[in-house]
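Throughout, a chain's letter reflects where its sequence line sits, starting with A, and its residues are numbered from 1. We use all heavy atoms of the structure for the numbers below, so side chains are in, but hydrogens, waters and symmetry mates are not.
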Amino acid sequence: MSQNNQKPASDNLVISMEGVSKWFGEFQVLKDINLSVRQGERIVICGPSGSGKSTLIRCLNRLEAHQEGTIRVDGIEMHERMKNIDEVRQDIGMVFQHFNLFPHMTVLENCMAGPNWVRGVPKAEAKERAMAMLTRVKIPEQADKYPSQLSGGQQQRVAIARSLCMEPKVMLFDEPTSALDPEMVAEVLDTMVGLAESGMTMICVTHEMGFARKVGDLVVFMDEGKIVERNNPTDFFDNPQSERTKLFLSQILSH
Amino acid sequence: MSQNNQKPASDNLVISMEGVSKWFGEFQVLKDINLSVRQGERIVICGPSGSGKSTLIRCLNRLEAHQEGTIRVDGIEMHERMKNIDEVRQDIGMVFQHFNLFPHMTVLENCMAGPNWVRGVPKAEAKERAMAMLTRVKIPEQADKYPSQLSGGQQQRVAIARSLCMEPKVMLFDEPTSALDPEMVAEVLDTMVGLAESGMTMICVTHEMGFARKVGDLVVFMDEGKIVERNNPTDFFDNPQSERTKLFLSQILSH
Amino acid sequence: MYADTVIGDKLIRKPRFLLGLLAVAFIAFFTFNMADTIIGEFLRPVIGEPKESGLFGRSAAALVLAILFVGNLFVISLFPIKVQIGIVWLQLLLLFMAFFYSFDLKFSFIQSKIGFMITQGLFTTLYISAVSIMIASVIAIVGAVAKLSNNGVAFAIASFYTSLFRGLPLLMQVFLIYMGLPQIGYVIDAVPAGIIALSLCYGAYMTEIFRAGIQSIPRGQWEASRSQGFKFGLTMRRIILPQAVPLIIPPTGNQFIAMLKDSSLVSVIGVWELMFLARTLGQKEFRHMEMLITAALIYWCLTMVLEVIQSRIEKHYRQKGAR
Amino acid sequence: MYADTVIGDKLIRKPRFLLGLLAVAFIAFFTFNMADTIIGEFLRPVIGEPKESGLFGRSAAALVLAILFVGNLFVISLFPIKVQIGIVWLQLLLLFMAFFYSFDLKFSFIQSKIGFMITQGLFTTLYISAVSIMIASVIAIVGAVAKLSNNGVAFAIASFYTSLFRGLPLLMQVFLIYMGLPQIGYVIDAVPAGIIALSLCYGAYMTEIFRAGIQSIPRGQWEASRSQGFKFGLTMRRIILPQAVPLIIPPTGNQFIAMLKDSSLVSVIGVWELMFLARTLGQKEFRHMEMLITAALIYWCLTMVLEVIQSRIEKHYRQKGAR
Amino acid sequence: EVLDQIMSEGMLTVATDANWAPQSFLNDDNEMDGFDVDVAKEIASRMSVDIEFVTPDWSIITAGNWAGRWDISVGSMTPTTARAEVLSFPGVYYFTPTSFAVHEESPIQDKLELNGARICATTASTYELYLQQDLEIDAVGTPPFEYDVVPGEISSMKDTSTCLNDVRLGAGVRVDGVIGSLPALLAAKDAGFPIRIVGTPAFYEPLSVAIDKGDAELDAKIAEIVAAMHADGTLTEMSIKWYGIDYSAGM
Ligand SMILES: Nc1ncnc2c1ncn2[C@@H]1O[C@H](COP(=O)(O)OP(=O)(O)OP(=O)(O)O)[C@@H](O)[C@H]1O
Ligand SMILES: Nc1ncnc2c1ncn2[C@@H]1O[C@H](COP(=O)(O)OP(=O)(O)OP(=O)(O)O)[C@@H](O)[C@H]1O
Ligand SMILES: [Mg+2]
Ligand SMILES: [Mg+2]
């Protein structure tokens, strides 16, 4: 992959958001978000439903346009007139909340497409890599099925494998374990821990607090479009600052 | 609503499955399933991804046809040539894993349709009931949006509200909290506990062990299409019998 | 469509439905006085001279027909579904042929002409249609993308194009191209003029079809594709269009089938295609009907071949794209 | 279509693209020797007598035109998008009108006939088309459901129907109904015969369109509806069809626009609709072109009105059904 | 029986073309007018009934089996034996000459120079049959003719006006000449088409009233009326009114 872009001023920042705001029509989804992520850092985003978590990470690869503030990925500013959006996106893997698999392609083809079509990896190698990733998420035997023939959890795992096949520099996960059973959750989280240890930069929207504690460098708590609190996991869970966070945590821990 | 159908032989059984098997082509998804649910009972189904949980509950309202064995709901056998499938289905609420909201109708209309169209509830009353249910799942303010404008968790809550509006006798939940944040999970589970206390019969596919412990009368563990273990929650969690269950539980409890 | 897991009782097995059907059939046959037809002849022993049998003969004939009709349906319903389809098709075909036969056609005349109609007429028709539909498809993809783009000039040109070429009668377009191009110095032959006119006209119709197909693919597919860094063209070609195919094929099939027949408009500029020959060959002896029916049957056969091809393609893509 | 959040640089602002465009335009205008046209007249001071200016005149004219063309595009691109669309439409319209004008038409003749064409011709055309498309839609829904059902007889009848009525040329159907029905004892008037033929023919085409639309709705929608106890008809009417509308509307719009013009086929049985009058009124004074162009413009205006209506309906349903 | 019906209803329904000036066309008041129309009106008035016109397509009229929708066709139809299998032709009411025309500036001066040239004709018309040397007209009183022009190539068009438009483009651009009925060619010339008639008429074709087959009474009645119209000069008068020449007698 291309060398990390080491802008002098950015101190190895892979992602930086400064004063980012976004509206859907009248409704402000994101309010003055500031966030920097250094290479290899693992950020966990949590917060109540509708607080703008998905929107935030979708802004990072510009699936959504923000209206105010600046977002930089790898030192490149994401804005309306940028030229190299496709290259930037190749380096940002994304696992969607709704999976968005390609229904007309088999599981294997879903995983091979990216490397083969845009990275120029030869078919045979792309296939090998895809099978390796599918094995990693424990569904190599489903390789020749179409997405519609899979259970919810299986689909989610394909979505993860598809992203990993692109060997991105940053991974964005939008609730990557929502459709999984606890066993599978554990396994997927293990996969993610493995990625984390290999130095991959990750931003993960999740409510798996175990994961946050284990691999998170920073936990960010959002509510109503604002970042309410950010802290390292230990402090976040054991010593939350804001009332809102305390309330949220009390809910999690109580059941 | 119509009186509970009290067949002498069924001992107030609302649902009974006897020797149910089902195949997708060559692949056997359900293997000789036996399960009886009495009125007011709460069953929790768990098990790894792809083990046939969704398929099982989809057989209960005959969204899927089974090939062997008998399924009875309210004493009525579910088979290919039954006459009153629509009446039976009206009494079985279902919350889908993928929500399946009607995209061309607002949230409110989604909730009003069932009572108004098939139960003959007048518009005004249906609306009132819908708003009550939406309030119960904490999204009354989204009533006039279309499903595509909602976040994942919001959509899931609409799906729950829509089912409840039909005031069914039995509720089938297919991972009803998968897209929710912990706070919301707590609230939705509270809603379900409330339903359980009001005597509603429920079958719930979920991995929320807290919920299983709190309200479940019976926990059923499935693997590879078979029911591997069934027990009351306390014994299930504290004293599992089969090796498979132990393995599964160890995964859950470890993170 | 969604095949339900519960099969209702077959209507045809319900005595009440059968009786109702019988009544409806009886009334229908009664209003169309069937005593004058061949049925009347068969019933001669019972009703006497058909022409003079009056109300009695009329109702007897209607009753016999109605019973035959319902009995037939009942018998058919006993067979497996594929056989059912086959039998019904065959019966309808025979009925239809009998209808043609009633026109009192001169078959020797048809026989003497059919060879030329196929070698000259059918060939020209197929050739013109196939070339035109291919050009039209290319125009349609470009047009659909332009109509969906946010480039003002492209949108304006594309929408002007669809509006104009859907708006003008095809005949007019053929004229304008055949007679208008010479005005600006280009004398063009009949066949190319016809192909240009057909391509432009159907391209406009198909632009709308492609647009609808492309628009129907959910946003999530675009996002998944673009977020992996697939460029616009790649996304369109490999992700969007293949999923749109099952939606695009049926109306496109419609257009191709319609074009087979619309290509007959180019006969006004003297291209000897199928319809032209049909209208021409019968002229001398006033045997228009013979020729028209022959042409119609040839068109019909062609259509059936196309329908089979269409359903194959559709099935292929639909299996893949099942959701 | 998916509107990306990144806007590429406008091509028209890139000097290289501009130069390329200029070259292409120059070559195009050069091949169509423009020196003989009015442009040549304007350039007379530079190139002398246009007819004799040879290669020099030809390239001068082409160059001037190419520069005008590219400059025009560049200027247009400076405006906001809505204005761009307006300007381009207007320019194309003028160009097209100029093309018509070049036919040297006698406008007084058009003026004297247009009233009758509209009151008699347009009215008949609209009336026949509107009635027919409504009947066709009803047939199409029934046909689509039958084609998707697992009832063998219904499927066979529906598929025979679509195959036959898409297969036979519309002209043939008009003949068969007009001349065939009398054979079995029913003498039918021209207008009803035309309406029946159009309805049956377009019903067959639209059956395919509706089928594709219904089939495209994901299984989950059926399941959600049926699992609430909604019966088949209710599900179809309230859940499936409304979602299928955005998919069905564009090809249906196509069909209606095509029908406006196909309804001219009923003129063979003596109905005085628009096209019939266009062909007839110009006959005596050899003013065919005048009449055809007038009819074409009337059709075009109608089409534009329909297009606006279509896009309104589509927008309405698409907003609702956004996923 | 058709005759009885006409008389009892007091209405004669006549099928004719509306596309065939000056025989029949829509005039400035958007009503049917022309030579055929006048003939039809005269027939009706001699039967002392009212008249009504319908304008079905040629192919529908010539298919026979009219099912009583209209009673007679006054549409300049050329009777031949083959056609008589389908319709009856009770009375020839005039003959039209068929001629050749070329572009004004064409070097061709006589029809014989058209031998081997590219000539435009209406598809499947008697003109085209003539060019194909396959014309047989066997009605009584038809003047004999010879095939003295053999074209090199026939350009077959839907109607004469399409041919005329091709001729207008210039001599030899698409075609060298056109064959058509003399009255139609003259009318076109009057309307400003740059054409010139060359040579004497190629042949004369008899044109008849037609009725559905199998009605001897009506046949006799029409034949009687047409004969009377010939005899008392009505047809001559009408022909002069519309064509300026008497075509009613032939030659
Ligand atoms: N296209 C849209 N138009 C209008 N409002 C929208 C749109 N998309 C999202 N929203 C609103 O923006 C808010 C944030 O949505 P988002 O999907 O980012 O929430 P989230 O934090 O990811 O929630 P969840 O945990 O439920 O997925 C929600 O209130 C939602 O209703
Ligand atoms: N239409 C189908 N055709 C073939 N196989 C199918 C089909 N639907 C489901 N399956 C297979 O059946 C098995 C059970 O699926 P099911 O959806 O019931 O699993 P599940 O227990 O609900 O899993 P999850 O927790 O991931 O939702 C899976 O292995 C799946 O691949
Ligand atoms: Mg989200
Ligand atoms: Mg499931």
Side-chain angles (χ1 to χ4, degrees), chain C residues 1-4 32-33 73 76-77 81 84-85 88-89 92 96 99 102-103 148 150 152-153 155-157 160 163-164 166-170 172 175 180 183-185 205 208-209 211-212 214-216 218-219 222 226 247 250-251 253-254 257-258 261 264 275 292 296 299-300 303-304 307 323, chain D residues 1-4 32-33 73 76-77 81 84-85 88-89 92 96 99 102 148 150 152-153 155-157 160 163-164 166-170 172 175 180 183-185 205 208-209 211-212 214-216 218-219 222 226 246-247 250-251 253-254 257-258 261 264 275 292 296 299-300 303-304 307 323:
Chain C
M1 197 163 57
Y2 179 62
D4 212 330
F32 280 92
N33 190 6
L73 275 187
I76 289 174
S77 76
I81 182 154
Q84 282 183 26
I85 296 173
V88 175
W89 255 82
L92 289 173
F96 190 69
F99 180 61
S102 78
F103 276 96
L148 290 170
N150 46 13
V153 176
F155 176 86
I157 293 177
F160 185 85
S163 160
L164 180 68
R166 296 201 298 170
L168 300 189
L170 180 52
M172 190 69 216
F175 275 160
Q183 309 251 1
I184 56 171
Y205 284 111
E208 287 295 296
I209 293 172
R211 179 178 66 75
I214 292 172
Q215 250 177 323
S216 72
R219 212 183 143 71
W222 281 99
R226 299 291 275 148
L247 277 163
N254 271 350
I257 290 170
K261 286 160 279 156
S264 69
M275 200 65 190
L292 282 177
Y299 278 124
W300 189 12
T303 304
M304 284 193 278
E307 278 180 334
R323 279 169 223 221
Chain D
M1 198 163 59
Y2 179 62
D4 212 331
F32 279 92
N33 190 5
L73 276 187
I76 289 173
S77 76
I81 182 155
Q84 281 184 24
I85 296 174
V88 175
W89 255 81
L92 290 172
F96 190 70
F99 179 60
S102 77
L148 290 171
N150 45 12
V153 177
F155 176 85
I157 293 178
F160 185 85
S163 160
L164 180 69
R166 296 201 299 171
L168 300 188
L170 180 53
M172 192 66 220
F175 278 171
Q183 311 254 1
I184 56 171
Y205 284 112
E208 288 296 296
I209 294 172
R211 178 178 66 74
I214 291 172
Q215 251 177 322
S216 73
R219 212 184 142 70
W222 281 98
R226 299 290 277 148
L247 277 164
N254 271 350
I257 290 170
K261 286 160 278 155
S264 68
M275 201 65 191
L292 280 177
Y299 279 124
W300 189 14
T303 304
M304 284 192 279
E307 277 180 333
R323 281 169 220 222

Legend entry - Proximal component of C/Ile76, with respect to chain D [non-hydrogen, under 4.5 Å]: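 Side chain only.
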Legend entry - Interchain contact, C/Phe160 with chain D, by part (heavy-atom threshold 4.5 Å):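 Both the backbone and the side chain of C/Phe160 come within 4.5 Å of chain D.
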Legend entry - Between C/Glu208, C/Met304, C/Arg166, the one whose heavy-atom pairs under 4.5 Å with chain D are most numerous: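 Among C/Glu208, C/Met304, C/Arg166, the one with the most close pairs to chain D is C/Arg166.
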Inset, instruction - Could you check which of C/Leu168, C/Val88, C/Leu92, C/Ile81 has the highest count of heavy-atom pairs closer than 4.5 Å to chain D? - result: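 Between C/Leu168, C/Val88, C/Leu92, C/Ile81, the count favours C/Leu92.
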Pairwise distance [atom1]([X]) to [atom2]([Y]) - rounded to 0.5 angstrom:
X	Y	atom1	atom2	result
C/Phe96	C/Trp89	CZ	CH2	11.0 Å
D/Arg226	D/Arg219	CZ	CZ	12.0 Å
C/Gln84	D/Phe155	CD	CZ	12.0 Å

Legend entry - Part of D/Leu164 lying under 4.5 Å from any heavy atom of chain C: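 For D/Leu164, the contact with chain C is made by backbone and side chain together.
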Inset, instruction - Select one option (side chain, backbone, both, neither) describing which atoms of D/Tyr205 are under 4.5 Å from chain C's heavy atoms. - result: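 For D/Tyr205, the contact with chain C is made by backbone and side chain together.
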Can you give me the closest heavy-atom contact between [X] and [Y], atom names plus distance?
X	Y	value
C/Ser163	D/Trp300	OG-NE1, 2.8 Å
C/Leu247	C/Ser216	CD1-OG, 2.9 Å
C/Pro251	D/Pro251	CB-CB, 4.1 Å

Inset, instruction - Flag the one option from D/Leu170, D/Ile257, D/Leu73 with the top tally of heavy-atom pairs under 4.5 Å to chain C. - result: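 Heavy-atom pair counts peak at D/Ile257.
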Legend entry - Selection from D/Ile157, D/Ile209, D/Leu292 maximising heavy-atom pairs under 4.5 Å formed with chain C: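 Among D/Ile157, D/Ile209, D/Leu292, the one with the most close pairs to chain C is D/Leu292.
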